[in-house]
Amino acid sequence: QGDLEKAAQTFVNYISTLAAKPEPMTPEPYLVFGQFMLQRGQSQTGLNAYRQAARFQDPKTLDVDVLIGDTQFSLGMIA
């Protein structure tokens with residue numbers, strides 16, 4: 001559990017570093033973090049990362065919103 005917490009903190013620190021750069025933020029760092037957490041059984045943390053990614057998604061495709069819905073469905077959170 002301690003290693004997972006350290007890994008999660010590393011992701012958070014990395015994303016903070018990216019956010020401080022002048023380049024526009026993209027959803028990808030949050031999506032990678034979310035996937036990492038979901039693969040380790042941390043559903044809420046993973047979905048929260050996806051929700052953060054949604055702030056930076058393409059408004060024309062809403063692909064992150066689709067991913068969130070698919071993930072919730074696969075986890076049995078929605079029918």
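Nothing fancy with the numbering, it's 1 onward along the sequence. Excluded from the calculations below are hydrogen atoms, water molecules and symmetry mates; all remaining heavy atoms, backbone and side chain alike, are included. Predicted model, so just to flag it, every value in this text is computed and none were measured.
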Excluding sequence neighbours, so at least two apart, what forms side-chain hydrogen bond (donor to acceptor under 3.5 Å, both in side chains) with [X]?
X	result
Q9	N13
R51	N48
E28	T26

Problem set entry | Residue pair S43 / M77: nearest heavy atoms and the distance that separates them | CB-CE, 4.4 Å

Problem set entry | Residue pair P27 / A53: nearest heavy atoms and the distance that separates them | CB-O, 3.5 Å

Problem set entry | Residue pair L75, L38: steps toward the side-chain contact (heavy atoms from CB on, under 4.5 Å) verdict | CA-CA 10 Å; L75 293 170; L38 285 162; 4.0 Å; yes

Problem set entry | V12 with V32, same ILVMFWY side-chain cluster at under 4.5 Å | yes

Side chains of residues 64-72: which donor-acceptor pairs under 3.5 Å do they make with residues two or more places apart or in other chains?
residue : atom : partner : partner atom : Å
D65     : OD1  : Q57     : NE2          : 3.1
D65     : OD2  : Q57     : NE2          : 3.2
T71     : OG1  : L67     : O            : 2.8

Exercise. With distance as the sole test, does R55 use its side chain to make a donor-acceptor pair with the main-chain N or O of Q52 at under 3.5 Å?
Worked result: yes

Problem set entry | Those residues that, when tested against T61, pass side-chain contact (heavy atoms from CB on, under 4.5 Å) (two or more places apart) | D58, D63

Exercise. How would you list all residue pairs meeting ring-ring contact (aromatic ring centres under 6.0 Å, His included) that involve residues 6-26, not counting sequence neighbours?
Worked result: F11-F33, F11-F36

Seminar exercise, completed: So the ring-ring contact (aromatic ring centres under 6.0 Å, His included) pairs with at least one residue in residues 38-71 (sequence neighbours excluded) are Y30-F56

For this session: Walk me through it: do M25 and I15 pass the test side-chain contact (heavy atoms from CB on, under 4.5 Å)?
Result: CA-CA 9 Å; M25 191 67 173; I15 292 170; 3.7 Å; yes

For this session: Determine whether M37 and L47 make a side-chain contact, defined as any pair of heavy atoms from C-beta on separated by less than 4.5 Å.
Result: no

